[in-house]
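What follows is a set of notes on a single structure, which appears directly below.
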Amino acid sequence: MLPRQEPTILYTQAVPELPEVETIANGVDRRLRGDTIVSAWFSTYKEPFRTPPAEMAESLAGLRIARVYRVGKHIVVDLERARSGHRPSSPNREATPPDAQSQLLVHLGMTGRLLVSAARLPLPPHTHAVLHLASGRELRFVDPRRFGRLALHSVDAGLFTGPGREPLTISTDDFVALFRGRKLSIKAALLNQSLLHGVGNIYADESLFRAKIRPTRRAGRLPRPRLLRLRQALQTVLKSAIRAGGSSVSDYVDADGQAGFFQIQHRVYAREGQPCLVCGTPIRRIVLAGRGTHFCPQCQT
DNA sequence: AGAAGGACCTGCACGC
DNA sequence: TGCGTGCAGGTCCTTC
């Protein structure tokens, strides 16, 4: 067991996509479930906050963290009104507590990090939010590039469900229907969070490679069997990345963030010019949908 | 309405 | 050594 006073950095080297966000959410859940927010502090930099900081700070104080989980690329913190009589948390309860009254949504953007830290430790640069907890710890949101976002979601209108469909659980028919009639490239479609949420640039490239589909193909013109292959490839790569990250991030404790997320072996991403692992043809890189896009010109048609 | 492209933002790699 | 430049990408916004 690691010293309690050391900061835990729930951290990833890569831009957080679905597997990284899932791992981080699980890590926060394991540590903070049942803890209570005493007060909250937000930096004066307003942009990251979809909800005004003053309103957020007032709403958060006194709420207990009931559960932390992932929806798309969002980390969702279920919050309930803390009661005076302490109720022991039941470890097996998976369903959202019926008395969850609001949800804190955290989007890490590209460089956002969550730290579970002892309060006495100095705030790192680019800290934009701190939740002071009854246990004496703090949950800190650090984001140098400021693409991350925080918001409060009221459950009056229902639990947060994200902008699109969940790639790991979507049915075959629904998956195929997502792309019907779409004129944009399959790569751009995969990145569109209002269709599937959670897929970013890296896993889009990797899943298209495994499905042997060229990223430039029009989404609406891919026949059903190829789309089913893509769904299978996407789920396989996401699940293996979750497995790879699950063990390392959760127990990772270090102040300088040197180790961190165990990265799965990329087959095409950031491998421009290197030989395809299947056929040896040099991997090509183009810009598509404004993003660096990597593929094998031989294997992917 | 759907698609495309730019803006946002900072750290880092690179070239001179 | 040090400075300037370009690049990376998730999401929002504007334009077409």
Side-chain angles (χ1 to χ4, degrees), chain A residues 9 11-25 42-52 70-76 105-114 123-129 141-151 153 160-167 177-208 215-222 234 238 241 256-258 260-261 263 266 268-273 283-295:
Chain A
I9 302 185
Y11 174 84
T12 163
Q13 298 278 356
V15 173
E17 300 185 30
L18 185 152
E20 291 80 10
V21 175
E22 170 125 351
T23 303
I24 291 165
F42 299 97
S43 74
T44 53
Y45 176 66
K46 293 188 182 68
E47 189 57 31
F49 311 117
R50 282 286 170 265
T51 308
R70 175 196 65 79
V71 173
K73 290 180 196 169
H74 288 84
I75 296 164
V76 181
L105 307 181
V106 181
H107 194 296
L108 298 174
M110 289 183 62
T111 54
R113 300 179 190 179
L114 288 175
L123 289 182
H126 309 296
T127 299
H128 297 303
F141 174 68
V142 180
D143 184 16
R145 212 166 293 185
R146 303 183 181 188
F147 281 8
R149 296 287 182 265
L150 299 180
H153 176 81
F160 178 73
T161 55
R165 304 294 303 274
E166 193 60 44
L178 275 185
F179 304 106
R180 196 169 291 147
R182 302 266 170 198
K183 292 196 170 97
L184 78 176
S185 68
I186 186 64
K187 166 77 182 256
L190 284 174
L191 294 178
N192 186 337
Q193 301 294 299
S194 63
L195 298 177
L196 286 172
H197 58 207
V199 182
N201 201 40
I202 296 172
Y203 293 104
D205 280 6
E206 293 295 320
S207 60
L208 286 168
T216 51
R217 286 269 172 265
R218 279 194 175 192
R221 301 186 66 159
L222 286 168
L234 184 59
L238 290 175
D256 61 15
Q258 207 159 26
F261 202 81
Q263 279 209 329
H266 298 143
V268 285
Y269 184 79
R271 293 195 65 243
E272 181 187 14
I283 297 300
R284 270 187 64 195
R285 179 185 185 278
I286 59 173
V287 175
L288 185 59
R291 295 291 170 258
T293 299
H294 313 75
F295 65 97

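Each chain gets a letter, A, B and so on, in the order its sequence line appears, and its residues count up from 1. These figures come from a predicted structure and were not determined experimentally.
- Within 4.0 Å (heavy atoms only), A:R285 reaches sugar-phosphate atoms of the nucleic acid but no base atom.
- Closest approach of A:V268 to A:F295, counting heavy atoms only: CG1-CA, 4.3 Å.
- For the salt bridge (Lys or Arg N to Asp or Glu O under 4.0 Å) test, residues two or more places apart in sequence or in another chain that qualify with A:K187 are A:D205.
- Here C:dG10 presents its P atom at 17 Å from CZ of A:R113, a figure rounded to the nearest Å.
- The distance between atom CZ of A:F147 and atom C1' of B:dC9, rounded to the nearest whole Å, is 5 Å.
- Contact between the side-chain N/O atoms of A:R146 and the OP1/OP2 oxygens of B:dT10 is found at a separation under 4.0 Å.
- Between A:R180 atom CZ and B:dG2 atom P the separation is 15 Å, expressed in whole Å.
- Counting heavy atoms from C-beta outward, A:R218 and A:R182 have side chains that stay 4.5 Å or more apart.
- Whole-Å rounding puts the A:D143 CG to C:dT11 C1' distance at 13 Å.
- Rounded to whole Å, atom C1' of C:dG10 lies 11 Å from atom CZ of A:R145.
- Of the side-chain N and O atoms in A:Q193, none sit less than 4.0 angstrom from OP1 or OP2 of C:dG10.
- Regarding contacts with the backbone of C:dG9, a side-chain N or O of A:Y269 is found under 4.0 angstrom from either OP1 or OP2.
- Five base pairs at each end of the helix from B:dG2-C:dC16 to B:dC16-C:dG2 define two local axes, and these are offset by 40° (rounded to 10°).
- Contact detail for A:A189 and A:L195: the closest heavy-atom pair is O-CD1, 3.7 Å.
- Under 4.0 Å is where a charged nitrogen must lie from a carboxylate oxygen, and between A:R70 and A:E166 at least one such pair does.
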Interface polar pairs with nucleotides 3-7 of chain B, N/O, under 3.5 angstrom:
{"from": "B:dA3", "atom 1": "OP1", "to": "A:K183", "atom 2": "N", "distance (Å)": "2.8"}
{"from": "B:dA3", "atom 1": "OP2", "to": "A:R182", "atom 2": "NH1", "distance (Å)": "3.2"}

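- For A:H107, taking side-chain heavy atoms from C-beta onward, the closest of the listed nucleotides B:dG11, C:dT11, C:dG9 is C:dT11.
- Among all heavy-atom pairs drawn from A:P125 and A:V142, the shortest one is O-CG1, 3.4 Å.
- How far CG of A:L18 is from NE2 of A:H197: 7.5 Å, rounded to the nearest 0.5 Å.
- Rounded to whole Å, the distance from CG on A:L195 to C1' on B:dG2 is 11 Å.
- Not one side-chain nitrogen or oxygen of A:H126 sits closer than 4.0 Å to the OP1 or OP2 atom of B:dC9.
- Note: CG (A:L191) to P (C:dG9) measures 10 Å, nearest angstrom.
- The separation between A:E20 atom CD and C:dG10 atom P is 11 Å, rounded to whole Å.
- Side chain of A:H294 to backbone of A:R271: no donor-acceptor contact under 3.5 angstrom is found.
- Among the nucleotides B:dG11, C:dT11, B:dC9, the one closest to the side chain of A:K73 is C:dT11.
- Residues A:N201 and A:L191 form a side-chain contact, since some pair of their non-hydrogen atoms from C-beta on lies under 4.5 Å apart.
- Contact between A:F141 and A:G112 at its shortest, heavy atoms only, is CE1-CA, 4.4 Å.
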